[in-house]
Trainee: 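One structure is given below, represented as C-alpha cells, and several questions about it will come after.
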Amino acid sequence: MGLPTIFIRLSGCHLRCQYCDTKYAYHKGEQLDILTLMQKIQKYPSKHVCITGGEPLLQKDVYPLMTQLCDKSYHVSLETSGDKSTVLVDSRVKKIIDIKTPHSKACAPVHKDNLKNLFNTELKFVICSDEDFDWAEKFIQENHLTHSKVLYSPSWGEITATHLAEKILAAGSSAQLQIQLHKYLWPNKQQGV
Ligand code: SF4
C-alpha cells in the first residue's frame with residue numbers, strides 16, 4: 001500500500017460480492033494482446049504491477065502475462081477472489097487471496113489448493129460486520145494461519161477502519177489492518193478505478 005503501482009484490471013467476474021466497487025469490470029473492457037499490454041506498461045515509470053479484476057484467473061493469458069512481467073523485472077502482485085486454484089501462478093508473483101466472508105454474500109469458499117502453499121502469499125478478508133470479524137478469526141485459528149500474513153480490510157460504508165482496528169487490538173488478532181488508501185486520498189473520485 002502506498003507504492004506507485006500500475007493496475008491491470010481484467011474484465012469478467014463469476015462472483016457478485018454485495019460490496020463490489022468495480023461492477024463495470026463485469027462486462028466492460030478492451031481486448032488487448034500481451035505484446036500491446038507490455039508496450040503500454042513500459043510507458044509508466046513504476047516497476048510495480050498489480051493484476052486485478054474482476055477475477056483475473058478467469059483469463060488463461062494472465063499466466064504468460066505474469067511470467068513475462070516477472071522476466072522483465074517487474075514486482076508483480078495478483079489479487080484473486082480465492083475460489084480459483086493459484087497453483088499455476090508464477091512463484092515470483094505475490095498472491096493476495098481474498099477469502100470471502102459470509103457478509104460478502106459471494107458464496108465462494110476458498111479453493112483447497114490456496115491454503116497449502118502460502119509462499120509469497122497474503123490472505124485478505126474484507127470485513128463487513130462484527131460477525132464477519134468473528135468468522136475470520138475462527139477461520140484463521142481452524143486453518144492454523146496465525147503465522148501467515150493476514151489482512152483485514154473494512155468494507156467501505158459498512159464498518160469503519162477505527163472500529164476494525166479496535167476489534168483487532170481487543171482480540172489480540174494476528175491480522176494486519178489494511179485500508180483502501182485511494183478512497184481516503186481521493187474521496188470524491190469514481191471509486192475502484
Ligand atoms: S470478486 Fe471482486 S470483482 Fe468480483 S464481485 Fe467480488 S469484489 Fe467484485
Side-chain angles (χ1 to χ4, degrees), residues 1 5-32 37 48-63 65-66 69 76-89 93-115 118 120-133 135-136 139-140 143 145 148-161 164 175-187 189-193:
M1 189 171 69
T5 299
I6 303 159
F7 273 73
I8 303 176
R9 190 176 294 287
L10 298 188
S11 296
C13 187
H14 58 306
L15 301 181
R16 292 294 182 265
C17 306
Q18 54 85 7
Y19 49 70
C20 184
D21 60 5
T22 53
K23 293 185 175 78
Y24 58 89
Y26 297 166
H27 306 292
K28 284 189 185 170
E30 182 188 353
Q31 192 132 13
L32 296 172
L37 203 42
H48 296 270
V49 177
C50 178
I51 315 263
T52 186
E55 170 47 67
L57 296 184
L58 293 177
Q59 298 199 32
K60 65 178 175 25
D61 282 353
V62 74
Y63 298 99
L65 171 64
M66 289 189 282
L69 285 165
V76 183
S77 57
L78 167 75
E79 293 184 338
T80 176
S81 58
D83 69 330
K84 302 285 171 215
S85 172
T86 57
V87 288
L88 296 179
V89 174
V93 173
K94 183 167 79 178
K95 291 171 285 186
I96 299 122
I97 295 179
D98 193 347
I99 297 180
K100 299 300 179 188
T101 60
H103 285 181
S104 72
K105 304 266 169 67
C107 301
V110 66
H111 194 288
K112 59 180 172 23
D113 286 350
N114 295 344
L115 296 179
L118 295 177
N120 213 6
T121 300
E122 297 177 358
L123 301 172
K124 176 179 159 184
F125 297 75
V126 177
I127 304 292
C128 307
S129 62
D130 288 351
E131 291 76 23
D132 271 0
F133 179 88
W135 182 90
F139 186 97
I140 289 169
N143 291 284
L145 299 170
S148 305
K149 182 148 185 183
V150 173
L151 309 171
Y152 284 174
S153 181
S155 175
W156 188 260
E158 293 192 278
I159 186 170
T160 66
L164 184 52
Q176 176 181 335
L177 178 70
Q178 186 196 50
I179 58 169
Q180 289 176 290
L181 185 60
H182 60 288
K183 292 188 178 176
Y184 290 85
L185 295 176
W186 298 287
K189 255 188 149 181
Q190 184 188 359
Q191 297 299 343
V193 178

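Residue indices begin at 1 and follow the sequence shown. Whatever order the structure lists ligands and atoms in, that order sets their numbers, starting from 1.
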Trainee: Ignoring hydrogens and angles, state whether a donor on the side chain of Glu55 or Thr80 is under 3.5 Å from an acceptor on the partner side chain.
Mentor: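 Side chains of Glu55 and Thr80: pair found under 3.5 Å.
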
Trainee: Any side-chain heavy atom of Lys100 within less than 4.5 Å of one from Leu15?
Mentor: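 Side-chain contact under 4.5 Å: yes.
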
Trainee: Going by the order shown, which atoms of ligand 1 are within less than 4.0 Å of some heavy atom of Tyr26?
Mentor: 5 (S)

Trainee: For Lys94 and Glu122, run salt bridge (charged side-chain N to carboxylate O under 4.0 Å, His left out): C-alpha distance rounded to whole Å, both residues' side-chain angles, the deciding distance at 0.1 Å, then the answer.
Mentor: CA-CA 8 Å; Lys94 183 167 79 178; Glu122 297 177 358; 3.4 Å; yes

Trainee: Can you tell if the side chain of Ile99 reaches within under 4.5 Å of the side chain of Trp135, non-hydrogen atoms only?
Mentor: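 Answer yes - side chains close enough.
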
Trainee: Between Asp98 and Ser81, is there a side-chain donor-acceptor contact under 3.5 Å, judged purely by atom types and distance?
Mentor: no

Trainee: Should we count NZ of Lys28 as having more than 12 external heavy atoms under 6.0 Å?
Mentor: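 No - once you tally the heavy atoms of other residues, nucleotides and ligands closer than 6.0 Å, there are 12 at most.
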
Trainee: Have a look around atom 6 (Fe) of ligand 1 and list protein N/O/S atoms under 2.8 Å, or say none.
Mentor: Cys17 SG

Trainee: Measuring from the heavy atoms of Ala25, does anything fall under 4.0 Å of ligand 1?
Mentor: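 Per 4.0 Å heavy-atom rule, Ala25 does not contact ligand 1.
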
Trainee: Would you find a donor on one side and an acceptor on the other, under 3.5 Å apart, between the side chain of Ser148 and the backbone of Val150?
Mentor: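 It does not hold such a pair.
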
